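Presented below is the structure to which this report refers.
All values derive from a computational prediction rather than experimental measurement. Values below: every heavy atom of this structure, side chains too, minus hydrogens, waters and symmetry copies.
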Amino acid sequence: MGLGGSGVDGADGKLVRRILGGETHAYGKLVDRYVERFGEYATSLCRDADIAADAMQEAFIRAYDRLSTLKDPDQFGAWFFRILTNQCHNHRDRRRSYVPLDTVAVSGGRTPDQDLTAAEAKRAIDAALDRLTPDLRETFVLREIEGRPYSEIAALQDTGEAALRKRVERAKEIVRAALEEDA
């Protein structure tokens, strides 16, 4: 099932129709489905789990409030994806300027030096991603971090695959240059 797909056999559309018909408790099923499907995407885009959770919660609230404006209930996934992406861009600016404790905590038998190296690598990658425009960052995260196929990203972003390939290559160039500068 793709990022913006309608679930198995139009399951999203059926749920949306039930919700709009008064079964508001059914929204929880959509929330569960899309928290799992988009949680990593939001965290990658915001680069902070707490901010991603805030963006995700706000996106679900906005989607629920505007559910009656959805033209095609079977396209809930793609519609929600756009709302979530906008919320991630809005919330990302509020990103905290600290390194989360879990990136430097000693765990799993690693030494403090290994943890410090991992935290430094994460900071370097975050700094490189900061150089990308929101559109490039979104495309880069979907393709290079999430591993989504170009066809799926093209549908989500309402653009052609050739343009996406150019965006990904441009983003890679910027990230590569930033990482080389940092090294």
(Q) Quick check on the hydrophobic clustering: are Val35 and Leu84 connected, directly or via other members, by side-chain heavy-atom contacts under 4.5 Å? (A)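 Linked, Val35 and Leu84 end up in one cluster.
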Q: Treating Ile, Leu, Val, Met, Phe, Trp and Tyr as nodes and any side-chain heavy-atom pair under 4.5 angstrom as an edge, say whether Ile61 and Met56 lie in one connected cluster.
A: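 No, it is not one cluster - the side chains of Ile61 and Met56 are not joined through contacts under 4.5 Å.
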Any side-chain heavy atom of [X] sitting closer than 4.5 Å to one from [Y]?
X	Y	value
Arg143	Ile153	yes
Ile19	Leu30	yes
Lys14	Lys29	no
Glu138	His89	yes

Just wondering, more than 12 heavy atoms not from [X] lying within 6.0 Å of its [atom1]?
X	atom1	result
Glu173	CD	yes
Glu40	CD	no
Asp65	CG	yes

State the [atom1]-[atom2] distance between [X] and [Y], to the nearest 0.5 angstrom.
X	Y	atom1	atom2	value
Ser44	Glu144	OG	CD	12.0 Å
Lys166	Glu169	NZ	CD	11.5 Å
Leu142	Leu45	CG	CG	8.0 Å
Ile83	Leu70	CD1	CG	8.5 Å
Thr85	Asp135	OG1	CG	10.0 Å

Q: With side-chain contact (heavy atoms from CB on, under 4.5 Å) as the test, would you mind laying out the steps for Leu136 and Arg170 before giving the verdict?
A: CA-CA 8 Å; Leu136 285 178; Arg170 179 69 184 131; 4.1 Å; yes
Would you call [X]-[Y] a salt bridge at under 4.0 Å N-O?
X	Y	result
Arg165	Glu161	yes
Glu58	Arg62	yes
Arg131	Glu181	yes

Q. Is there a donor in the side chain of Arg167 and an acceptor in the side chain of Gln157, or the other way round, less than 3.5 Å apart?
A.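 Present: a donor and an acceptor within the cut-off.
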Q.
Can you tell me which residue among Ile174, Val168, Val175 is in a side-chain contact (heavy atoms from CB on, under 4.5 Å) with Lys172?
A.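 Going through Ile174, Val168, Val175 one by one, the side-chain contact (heavy atoms from CB on, under 4.5 Å) with Lys172 is satisfied by Val168 alone.
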Return yes if some donor-acceptor pair links the side-chain N/O of [X] with the main-chain N/O of [Y] below 3.5 Å, else return no.
X	Y	answer
Tyr150	Gly160	no
Arg137	Leu132	yes
Glu146	Tyr41	yes

What are the two closest non-hydrogen atoms of [X] and [Y], and how far apart are they?
X	Y	result
Gly13	Asp74	CA-OD1, 3.2 Å
Ala63	Phe80	CB-CD1, 3.9 Å
Gly77	Asp12	N-OD2, 4.1 Å
Leu15	Arg33	CD1-NH1, 3.7 Å
Ala26	Arg18	CB-NH2, 3.9 Å

**Q.** Among Trp79, Tyr64, Phe76, Phe81, ring pair (Phe, Tyr, Trp, His ring centres under 6.0 Å) partner for Tyr34
**A.**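 That would be Phe76.
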